[in-house]
Amino acid sequence: MSEYLLPEPVVRTEEVRELARDLMVIPNRGVQLVPNIGVIGGTHSVLVVETGMGRRNAETVLAFAAEYAAGRRLYLTTTHFHPEHAFGAQVFAGEATFLLNRAQAEDLSTKGAAYLEMFRGLGEPVARQLEGVEIAAPDVVYDDAYDLDLGGRVVRMRATGRAHSKGDQVITIPDAGAMFTGDLVEAGQFAIFPWFPPHDTDVSGTRWIAVIRRLADASPRVVVPGHGDVGGPQLLADVRDYLELLRDETWVRRDSAVSERTIVEEVTALMIERHPEWAGREWIEKGVGCLCAEHPA
Ligand SMILES: [Zn+2]
């Protein structure tokens with residue numbers, strides 16, 4: 001794999017933001033392979049959402065969370081198994097109870113090692129963060145839904161079913177009208193389709209559309225995307241509109257037996273024209289490939 005010129009994917013806590021009472025986000029500051037990280041408090045417990053990539057980043061997150069918790073019990077969860085979201089969980093062992101939905105726990109155990117190797121190939125800055133990473137196992141696994149009582153605040157953890165990955169999970173804080181979506185939603189960039197046939201074909205454009213419609217129906221006031229700036233319900237609408245357009249433009253060409261190469265070229269040009277300011281243009285082609293495979297023949 002070629003050496004990408006990625007900046008050092010380092011979590012920094014200087015610009016931490018309070019979204020609501022006892023609800024903090026450590027923002028990704030637009031740095032690739034750094035996720036938005038949540039720290040959500042109740043009277044007796046604090047939930048951390050996402051670890052950052054690798055041990056050092058997770059140590060930064062844990063140090064912040066432990067100080068913030070000030071003696072309250074710590075929990076950890078991650079939105080999905082991808083390295084910058086979940087590959088620091090080992091650092092929380094013995095410090096926090098690690099909760100996951102079953103499908104995500106299975107993603108971690110079946111594909112974690114392969115993703116570790118793949119990401120180590122993304123260049124020295126990424127490989128450095130992944131030194132000494134071991135895939136951690138959750139302490140508690142739930143099937144579809146888990147309500148976590150933090151004391152005076154109940155946080156809803158929900159498995160969405162396969163979309164961006166097989167094991168996506170969203171975390172909602174109803175009293176604050178806030179939702180952590182992981183990579184089901186990005187702000188200011190094209191949806192990430194980890195479509196790598198034959199190695200990984202778990203992402204599903206059609207299921208993703210169904211999931212994002214359901215999330216939009218819940219109309220959260222505050223949406224914390226996997227990457228990019230925190231926003232409101234418009235972020236969900238933007239992703240839904242993009243995915244539906246990507247599907248429609250791909251399928252209409254597929255219907256008229258246009259070659260996949262031409263579909264990629266035409267749809268990519270169209271999407272860039274629609275969203276010239278969005279980053280991550282390389283993911284459009286992956287999305288087209290995924291939706292071609294999902295075309296109802
Ligand atoms: Zn992801």
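Start at 1 and go down the list; that is how both ligands and their atoms are numbered.
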Backbone or side-chain N/O/S of Asp183 under 2.8 Å of the Zn ion (ligand 1): yes
Among the N/O/S atoms of His82, the Zn ion (ligand 1) lies closest to ND1
Heavy atoms only: give me the nearest Arg72-Gly41 pair and the separation to one decimal. NH1-CA, 3.8 Å
State, with a plain yes or no, whether a side-chain heavy atom of Phe87 is found less than 4.5 Å away from one of Gln129. no
Once rounded to 10 degrees, what value does the angle at the Zn ion (ligand 1) take between NE2 (His164) and NE2 (His80)? 100°
I'd like to know if the side chain of Asp202 pairs up with that of His164 as donor and acceptor (distance under 3.5 Å, no hydrogens or angles considered). no
Between His85 and the Zn ion (ligand 1), is there a contact where an N/O/S atom of the residue lies under 2.8 Å from the metal? no
Give a yes-or-no answer on whether the side chains of Arg153 and Ser45 include a donor-acceptor pair shorter than 3.5 Å. no
